[in-house]
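Report on one structure; see the data block that follows.
In what follows, every chain begins at residue 1, and chains take the letters A, B, ... in the order their sequences are listed.
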2 protein chains.
Amino acid sequence: MVSTQPTLREVAKQAGVSIATVSYVLNGRTSSKKTISEATRQRVLQAVSELGYTPNQSARHLRRQQTERLCIVLPRLGVPYYEILCQHVAAVAEQHHYNVVISLTGTREKEQEVLQQLQRRLADGVLAVHGDWTAEELERLVASGIAVTLMHNETQGRGIDIVQTTEEEAFYQAICYLLQQGYRRIACFYVERFGRDGRLEAYKRALNTFHLPLDETLVIHTPESRKAVYERITQLLRQEERPDAIFTGSDNVAITALWAAQDAGLNVPDDLAVIGSGNIPEGEITSPPLTTVGPASLDFGDVAEMLIDRLRNPDQPQRILLREWELIIRGTVSDKK
Amino acid sequence: MVSTQPTLREVAKQAGVSIATVSYVLNGRTSSKKTISEATRQRVLQAVSELGYTPNQSARHLRRQQTERLCIVLPRLGVPYYEILCQHVAAVAEQHHYNVVISLTGTREKEQEVLQQLQRRLADGVLAVHGDWTAEELERLVASGIAVTLMHNETQGRGIDIVQTTEEEAFYQAICYLLQQGYRRIACFYVERFGRDGRLEAYKRALNTFHLPLDETLVIHTPESRKAVYERITQLLRQEERPDAIFTGSDNVAITALWAAQDAGLNVPDDLAVIGSGNIPEGEITSPPLTTVGPASLDFGDVAEMLIDRLRNPDQPQRILLREWELIIRGTVSDKK
DNA sequence: TTGTAGGCGTTATCAG
DNA sequence: CTGATAACGCCTACAA
């Protein structure tokens with residue numbers, strides 16, 4: 001079996017015209033008025049559909065010096081926040097005739113590999129989400145003519161548009177809220193990253209504000225799988241001096257905490273308060289509904305627009321999009337105490 | 001700002017050699033023995049790293065007639081099953097020096113667009129998961145020299161390797177199990193697709209086996225969002241003649257049903273039985289733990305291997321990988337009755 | 001209104 | 001051992 005991708009030349013032969021004519025018909029727009037007679041136009045289109053012709057991307061991109069593709073780089077799947085983001089970006093990109101592919105990094109190694117791919121022009125633009133890329137690495141991408149938008153609170157770089165959130169401030173408020181309500185043994189589940197973790201920083205700062213000491217045994221690295229999370233929390237709740245509140249880096253972990261608490265016979269919020277992060281829709285239908293911290297808006301259209309805008313106009317000044325996060329009070333923290 | 005992607009030519013100039021020499025150094029392998037003196041070799045590598053040269057993908061692919069890329073096509077994100085799949089495939093592909101990108105289809109429209117992309121050689125191989133592509137469309141891909149592996153129970157085509165599951169049989173067993181336990185008003189949540197839905201077929205067949213009539217009001221199209229699912233189930237449970245069992249097409253929906261039941265004051269499994277599908281890890285930590293139907297194994301390495309194998313050897317006979325699904329009995333169906 | 005030709009950056013086949 | 005050089009398939013300025 002031979003791969004028989006028809007070429008422009010074959011279409012031209014089939015239609016009995018030159019390749020340039022075919023190209024004109026297909027690409028339409030060209031400088032000034034390149035009109036094609038309706039007759040040849042039809043013949044060309046006929047030939048195209050007969051052969052099932054479709055232009056070769058590599059050739060087109062080589063010639064045009066652009067891929068008409070965007071790449072969203074995610075650390076991993078399974079995060080609702082990312083899923084919404086991908087949907088919105090894909091929708092907006094589509095309107096602007098860009099295709100979207102997703103690359104998964106996961107490990108630092110894989111991250112480097114994706115960086116390579118991008119350097120080699122996998123796409124014209126990148127939306128890098130929460131990765132561990134350094135400013136230097138990102139700037140190298142920009143230097144090779146790739147538009148970069150970064151969703152990250154810690155990293156930034158020249159020529160890179162950034163989407164930042166006020167999440168750390170919201171985390172701080174959340175912890176303070178727990179402390180105000182009288183909770184004292186607050187467990188904090190953080191996510192390991194290369195840089196600093198906003199959750200942890202907010203946690204420490206809040207304890208400081210209330211002049212409370214840090215208990216290291218309450219600072220817990222979030223396990224990978226949900227089941228492992230459940231087991232870790234269960235263990236935590238069964239120990240001698242159990243925490244009276246749990247602050248987590250994700251709503252999924254928080255919901256898991258709700259399950260673990262129920263199974264351990266603890267009442268939420270009276271025996272145990274829980275605060276999540278991310279404000280996923282599930283949080284509204286747990287019982288009690290989940291008090292959480294999350295973005296005030298989940299519309300990522302503007303992020304996509306910003307990326308595409310830079311693509312069209314690479315020399316414009318760098319921009320920062322600030323997204324408000326807020327404490328969303330529902331039912332998993334007690335009001336009295 | 002100009003995009004300054006250095007080219008082979010520039011590297012050659014910098015190193016004071018011809019572009020051919022640079023190519024030899026970088027690609028190493030070539031017909032017979034093309035040795036390069038260590039001296040020039042070093043000079044070339046020096047120049048490469050000085051300029052930060054990295055070969056242009058489009059040009060390379062155009063010349064080589066391959067992209068060294070695989071594409072996983074998913075209907076949407078947010079499905080744990082897909083996420084595991086992606087991880088496994090990415091891991092295996094990486095070993096074989098293939099890159100992996102993910103494309104999202106969602107709508108039928110988007111599906112066509114991705115098909116276009118693939119036709120234009122977005123990738124050398126496709127793993128199409130649960131889409132609505134017709135055999136014809138897929139065969140067209142194969143005809144243009146793209147390796148296709150399809151995970152689908154209903155579709156197949158010439159030259160296309162297929163991964164099928166025995167899920168419909170397992171669904172049938174699940175419904176029969178409910179009926180055997182004495183449940184009679186079983187609600188079935190199905191997922192709309194273009195073709196037939198295995199869940200629905202299994203449901204009807206099981207009712208048939210037990211000589212029971214089909215109650216259309218118990219056949220329910222699964223809403224999009226989890227919150228909408230919750231509301232739909234709540235409504236269902238509060239109606240006059242409520243169902244005494246729920247069979248769902250996904251564990252997430254089943255877990256949502258657990259929540260809705262709890263909030264409606266119903267005991268699972270005594271007042272309401274629930275069976276999910278997919279066997280996600282969360283099912284083990286709900287209370288009661290979720291009875292479900294799912295794949296006996298969640299290792300997708302062999303799927304990736306099959307795809308890569310076909311890439312390397314396109315003319316081999318078509319293969320079918322059959323993956324066993326089974327009923328996993330836990331705590332959401334009553335034993336007595 | 002249509003055709004010709006040159007080149008995008010690589011690779012690979014030839015000679016030198 | 002190294003250097004020209006011809007494709008790969010497409011686009012487009014320029015010529016006819």
Side-chain angles (χ1 to χ4, degrees), chain A residues 2-44 47-48 51-68 119-122 124 144-145, chain B residues 2-44 47-48 51-68 119-122 124 144-145:
Chain A
V2 188
S3 58
T4 323
Q5 191 80 300
T7 77
L8 204 53
R9 199 186 309 280
E10 297 175 51
V11 175
K13 199 166 65 184
Q14 171 100 354
V17 297
S18 80
I19 55 172
T21 306
V22 179
S23 186
Y24 289 152
V25 172
L26 293 183
N27 298 318
R29 85 273 170 31
T30 176
S31 61
S32 65
K33 59 282 158 103
K34 286 282 188 184
T35 33
I36 302 279
S37 77
E38 194 53 30
T40 50
R41 175 186 196 74
Q42 285 308 326
R43 257 190 306 148
V44 169
V48 164
L51 295 173
Y53 169 78
T54 155
N56 178 301
Q57 295 238 73
S58 304
R60 181 190 203 124
H61 296 160
L62 175 57
R63 179 61 230 246
R64 288 213 179 155
Q65 299 289 59
Q66 55 164 323
T67 63
E68 293 161 318
Q119 200 80 258
R120 295 174 174 202
R121 273 222 107 80
L122 203 206
D124 298 333
S144 23
Chain B
V2 187
S3 58
T4 322
Q5 192 79 299
T7 77
L8 207 51
R9 199 186 310 280
E10 298 175 52
V11 175
K13 200 166 67 183
Q14 171 101 355
V17 297
S18 79
I19 57 172
T21 305
V22 178
S23 185
Y24 291 151
V25 171
L26 293 182
N27 298 318
R29 84 266 170 37
T30 176
S31 61
S32 65
K33 61 282 156 106
K34 287 281 189 184
T35 34
I36 301 279
S37 75
E38 194 53 30
T40 50
R41 176 186 196 72
Q42 284 308 327
R43 256 190 307 151
V44 169
V48 165
L51 295 172
Y53 168 78
T54 156
N56 177 300
Q57 295 238 72
S58 304
R60 179 188 208 131
H61 297 160
L62 175 58
R63 180 61 229 235
R64 286 221 183 144
Q65 299 289 58
Q66 54 164 324
T67 64
E68 294 162 313
Q119 202 80 259
R120 295 173 174 202
R121 273 222 107 80
L122 203 206
D124 299 332
S144 20

Taking every heavy atom of A/Val22 against every heavy atom of A/Ala12, the minimum-distance pair comes out as CG2-CA, 3.7 Å

How about A/Glu38 and A/Gln42: does a side-chain donor come under 3.5 Å of a side-chain acceptor? yes

B/Arg121 CZ to D/dC10 P, in whole Å, measures 13 Å

Can you name the atoms? Protein N/O to nucleotides 4-6 of chain C N/O, anything below 3.5 Å, with the distance.
from, atom 1, to, atom 2, distance (Å)
C/dG6, N2, A/Arg63, NH1, 2.8

note: A/Arg120, atom CZ; C/dC8, atom P; distance rounded to Å ~ 21 Å

One would report the end-axis bend of the helix from C/dT1-D/dA16 to C/dG16-D/dC1, five pairs per end and rounded to 10 degrees, as 50°

B/Lys13 atom NZ is separated from D/dG3 atom C1', nearest whole Å, by 17 Å

Separation of D/dG9 atom C1' from B/Leu62 atom CG, nearest Å, is 6 Å

In whole angstroms, the gap separating C1' of C/dG7 from NE2 of A/His61 amounts to 18 Å

Rounded to whole Å, the CG-C1' distance (B/Asn56 to C/dT11) equals 13 Å

Notebook entry, point to check: Ignoring hydrogens and geometry, is there a side-chain-to-backbone donor-acceptor pair from B/Arg43 to B/Ala15 under 3.5 Å?
Noted result: yes

Taken to the nearest whole Å, CZ/B/Arg9 to P/D/dT5 is 12 Å

Taking every heavy atom of B/Pro55 against every heavy atom of B/Arg60, the minimum-distance pair comes out as CG-NH1, 3.5 Å

Residues A/Thr7 and A/Tyr53: closest non-hydrogen pair is C-CE1, 3.6 Å

Verify the contact: side-chain N or O of A/Gln65 to OP1 or OP2 of C/dG9, cut-off strictly under 4.0 Å; return yes or no.
yes

What one should report as the nearest heavy-atom pair of A/Leu62 and B/Ala59 is CD1-CB, 3.8 Å

From CG of A/Leu8 across to C1' of C/dG7 the rounded distance in Å is 16 Å

Taking every heavy atom of B/Thr67 against every heavy atom of B/Asp124, the minimum-distance pair comes out as N-OD1, 2.7 Å

Check your understanding: Hey, does B/Thr40 reach any base, or is it just sugar-phosphate, or nothing, if we go heavy atoms under 4.0 Å?
Key -> sugar-phosphate

Closest heavy-atom pair, A/Ala47 versus A/Gln14, reported as atoms and distance to 0.1 Å, is CB-CG, 3.5 Å

Using a 4.5 Å cut-off on heavy atoms from C-beta on, say whether the side chain of A/His61 contacts that of B/His61. no

